[in-house]
Colleague: 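Let me give you the structure first, and then I'll get to my questions.
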Amino acid sequence: HVTFRERKALNVTKDSVTTTEVTLTISMDADDEEPFLNRSYKKVASRVRIPGFRPGKAPRSVVESHMGREALVHEALEFMIPESLDQVLKDEDIQAFMEPQLEVLDMAPVSFKAVVALEPVVDLGDFQSIHLDREAVEITDEQVDHVLEDLRFEAAPWEPVESALAFGDLATMNVNGTIEGEQVIDDSGIDFIPAMDNTLPFPGFSVYLEGMTEGQSKEFTLSVPDDYLQENYAGKECRFNVEVLAIKEKTLPELDDEFAKGVREGFESMEALTDHVRQRLNDEGEAAETRRLEQSSLEELKKLAKIEASELVYQRELDLMYEERQRSLSNQRMDMELYLSYVGQTEEELREQMKPQAEERLKTMLVLRKLADVENIEVSDEDVEDEIENLISTTGGESETAMKQALSTANAKDSIRSSLMNRRIMARLVEIVQGEGAASPSAGDPSDSTGSEETEESGPEEESSPADEAKD
């Protein structure tokens with residue numbers, strides 16, 4: 001039969017208590033350790049080989065005598081410490097903001113120290129006093145003409161020519177490049193469009209191509225920039241050998257009604273296409289002005305805000321940024337060690353360089369969370385599902401079933417929830433700074449904790465050009 005006994009409170013000392021952090025020392029006696037050691041024994045009994053006993057059948061006393069009590073304690077630490085700490089936090093009514101920092105102090109009996117970061121204290125100040133005006137968007141004829149010229153260029157086919165290579169032409173080439181005898185470029189039959197603003201592979205490369213003719217070869221030397229990513233090449237000379245295989249140029253069509261009919265799904269006249277481009281430019285201008293207003297509002301809000309947070313919270317944000325950099329490099333098939341050798345930094349130097357950005361990102365997240373809390377901004381499960389349906393209906397190229405499956409994972413839903421929350425927070429902030437709707441009277445009360453819904457730093461969404469919109 002099963003018997004129940006009242007759980008005994010653990011021996012806890014509060015070494016330090018601030019508004020943002022609590023340091024606890026938890027000391028366990030033999031009775032506290034016993035249930036954990038018994039679980040440890042059950043885990044190791046099947047692994048340890050003891051003469052005279054089948055695996056998992058040796059009594060605990062025999063296993064403990066064979067391995068030593070300390071080995072059982074070590075095995076138990078992985079669940080003894082977190083479970084004991086969870087009990088203490090519940091008993092002491094302490095809400096941890098993140099995983100505590102742990103340090104084992106003694107093994108016989110077990111005692112450990114836990115530094116527990118609390119919810120950061122955020123005071124938004126008198127943010128209701130922030131006032132920013134929306135700037136009018138004006139679209140000029142020159143802007144419209146520029147987009148139409150882009151459409152005109154993109155619609156024209158590449159056609160072979162016998163003339164010398166000029167900027168904007170398409171050259172098919174063989175390119176060989178060496179630095180101090182080492183071959184660093186070996187491309188055959190590549191297509192390249194020389195232009196003054198095209199600095200690949202090194203600045204000045206396009207200039208040497210201008211005037212070359214089909215079948216011509218040329219050798220020239222360029223200096224590698226001092227700030228080149230691969231430091232072992234920076235500041236050195238690269239010797240090029242280039243052979244032009246073919247030259248093509250575009251014969252631009254007339255901007256007339258016939259041209260307009262071939263753009264996108266087709267426009268009945270050049271006037272209709274021009275009106276469409278102007279409207280797209282205006283819509284993008286308004287969207288850009290909204291992003292500017294959002295960013296300016298956020299910066300003003302951060303200037304007023306006062307934040308108290310544990311150093312552990314800042315350290316975690318820095319760790320997250322470092323891990324993100326590692327994942328980004330891994331996606332480019334480069335490890336952190338190789339990257340650090342390229343940029344000439346140690347891990348400590350890179351972390352120090354990233355620290356201001358991590359602090360700024362954390363401040364943005366905390367300020368937005370606080371604003372969401374005081375303005376009662378929420379995102380429901382229904383909102384997330386509606387957004388998923390909207391994404392499926394507006395995104396082509398994938399089957400509806402496959403896309404719905406991809407967007408229905410927990411991680412995808414969390415990302416969508418965060419995105420919706422950011423958009424709602426920023427929209428509300430813009431309303432407030434333009435005097436549209438009163439802000440919550442409790443917004444400046446620093447005693448209020450920030451909301452539990454995490455948000456990420458809001459930033460501009462990826463844009464498409466009016467030319468892209470016109471031809472889609």
Side-chain angles (χ1 to χ4, degrees), residues 1-120 308-320 322-323 326 346-348 351:
H1 68 282
V2 179
T3 59
F4 296 89
R5 64 185 180 87
E6 185 177 349
R7 177 177 54 80
K8 180 175 70 69
L10 297 173
N11 184 11
V12 180
T13 303
K14 291 184 179 179
D15 302 315
S16 173
V17 179
T18 69
T19 56
T20 62
E21 193 175 275
V22 176
T23 302
L24 306 170
T25 297
I26 295 97
S27 302
M28 308 185 69
D29 58 27
D31 288 342
D32 298 325
E33 293 178 344
E34 185 58 28
F36 297 107
L37 293 181
N38 205 39
R39 283 165 59 186
S40 175
Y41 150 70
K42 291 176 181 178
K43 283 185 65 177
V44 302
S46 59
R47 301 198 311 257
V48 68
R49 294 292 181 263
I50 299 177
F53 294 94
R54 287 176 297 168
K57 298 300 181 180
R60 175 179 159 181
S61 58
V62 175
V63 173
E64 189 168 330
S65 175
H66 179 78
M67 298 181 59
R69 179 182 174 83
E70 187 173 345
L72 285 183
V73 173
H74 268 291
E75 186 77 24
L77 286 180
E78 64 175 289
F79 44 85
M80 180 190 298
I81 289 180
E83 291 179 21
S84 299
L85 180 58
D86 283 347
Q87 176 188 324
V88 169
L89 294 180
K90 290 176 184 175
D91 292 345
E92 300 290 334
D93 195 23
I94 296 172
Q95 303 296 320
F97 181 69
M98 52 176 279
E99 285 296 316
Q101 184 182 77
L102 302 172
E103 178 187 355
V104 177
L105 302 176
D106 204 343
M107 293 289 291
V110 171
S111 66
F112 61 95
K113 181 170 75 173
V115 182
V116 184
L118 305 178
E119 179 82 27
E308 294 180 62
S310 165
E311 184 60 33
L312 293 180
V313 178
Y314 288 102
Q315 184 59 47
R316 182 186 69 166
E317 191 67 23
L318 182 58
D319 290 341
L320 288 174
Y322 190 83
E323 290 166 7
Q326 285 182 309
T346 64
E347 178 180 333
E348 291 72 23
R351 283 179 173 273

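Along the sequence shown, residues carry numbers from 1.
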Colleague: In Å, rounded to the nearest 0.5 Å, how long is the span from CG of D91 to CG of D86?
Modeller: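 It is 10.5 Å, given to the nearest 0.5 Å.
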
Colleague: Work out which heavy atom in E311 is nearest to a heavy atom in E21; give both atom names and the distance.
Modeller: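 Heavy atoms of E311 and E21 come nearest at N-OE1, 4.2 Å.
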
Colleague: Test of understanding: with side chain to side chain donor-acceptor pair (under 3.5 Å), list the residues that count as partners of T25, not counting sequence neighbours.
Modeller: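 Result, side chain to side chain donor-acceptor pair (under 3.5 Å) vs T25: D15.
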
Colleague: If the condition is side chain to side chain donor-acceptor pair (under 3.5 Å), which residues does E308 pass it with, not counting sequence neighbours?
Modeller: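 With neighbours one apart ignored, the set is T19.
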
Colleague: I'd like to check the side chain to side chain contact (heavy atoms under 4.5 Å, CB included) partners of A71; sequence neighbours left out, ordered by chain and number.
Modeller: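 With neighbours one apart ignored, the set is M67.
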
Colleague: For T20 versus A309, what's the shortest heavy-atom pair and its separation?
Modeller: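 That closest heavy-atom pairing would be CG2-N, 3.7 Å.
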
Colleague: Test of understanding: with side chain to side chain contact (heavy atoms under 4.5 Å, CB included), list the residues that count as partners of Q101, not counting sequence neighbours.
Modeller: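 Q101: side chain to side chain contact (heavy atoms under 4.5 Å, CB included) contacts with V115, L312.
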
Colleague: With sequence neighbours excluded, tell me which residues meet salt bridge (charged side-chain N to carboxylate O under 4.0 Å, His left out) with E347.
Modeller: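 In terms of salt bridge (charged side-chain N to carboxylate O under 4.0 Å, His left out), with neighbours along the sequence ignored, E347 is linked to R351.
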
Colleague: Under the salt bridge (Lys or Arg N to Asp or Glu O under 4.0 Å) definition, can you give me all pairs with a residue in residues 95-108, not counting sequence neighbours?
Modeller: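 As it turns out, the salt bridge (Lys or Arg N to Asp or Glu O under 4.0 Å) pairs with a partner in residues 95-108, which skip direct neighbours, are E103-K113.
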
Colleague: Working to the nearest 0.5 angstrom, can you tell me the gap between F36 CZ and L77 CG?
Modeller: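 Answer rounded to 0.5 Å: 10.5 Å.
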
Colleague: Find the distance between CG (L24) and CG (L10) and round it off to the nearest 0.5 Å.
Modeller: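 It comes to 11.0 Å.
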
Colleague: Side-chain contact, heavy-atom cut-off 4.5 Å: N11 with D29?
Modeller: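 No; the side chains remain at least 4.5 Å from each other.
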
Colleague: S40 and F79: which non-hydrogen atoms are nearest, and at how many Å?
Modeller: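 Heavy-atom minimum between the residues: N-CZ, 3.9 Å.
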
Colleague: Write down the atom of F112, the atom of V110, and the distance for their closest heavy-atom approach.
Modeller: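 Where F112 meets V110 most closely, the heavy atoms are CD2-CG1, 4.3 Å.
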
Colleague: Q95 and L118: which non-hydrogen atoms are nearest, and at how many Å?
Modeller: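 What the structure gives for the nearest pair is O-CD2, 3.7 Å.
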
Colleague: With rounding to the nearest 0.5 angstrom, report the CG to CD distance, L320 to Q315.
Modeller: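 One gets 10.0 Å once the value is rounded to the nearest 0.5 Å.
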
Colleague: Applying side chain to side chain donor-acceptor pair (under 3.5 Å), which residue pairs with at least one partner in residues 73-85 are found, sequence neighbours left out?
Modeller: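 For residues 73-85: R39-E83, K43-E78, R47-E75.
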
Colleague: Side-chain contact, heavy-atom cut-off 4.5 Å: Q87 with K90?
Modeller: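 Contact flag for Q87/K90 side chains = no.
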
Colleague: Excluding sequence neighbours, so at least two apart, what forms side chain to side chain donor-acceptor pair (under 3.5 Å) with E34?
Modeller: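 Partners of E34 under the side chain to side chain donor-acceptor pair (under 3.5 Å) test: R60.
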
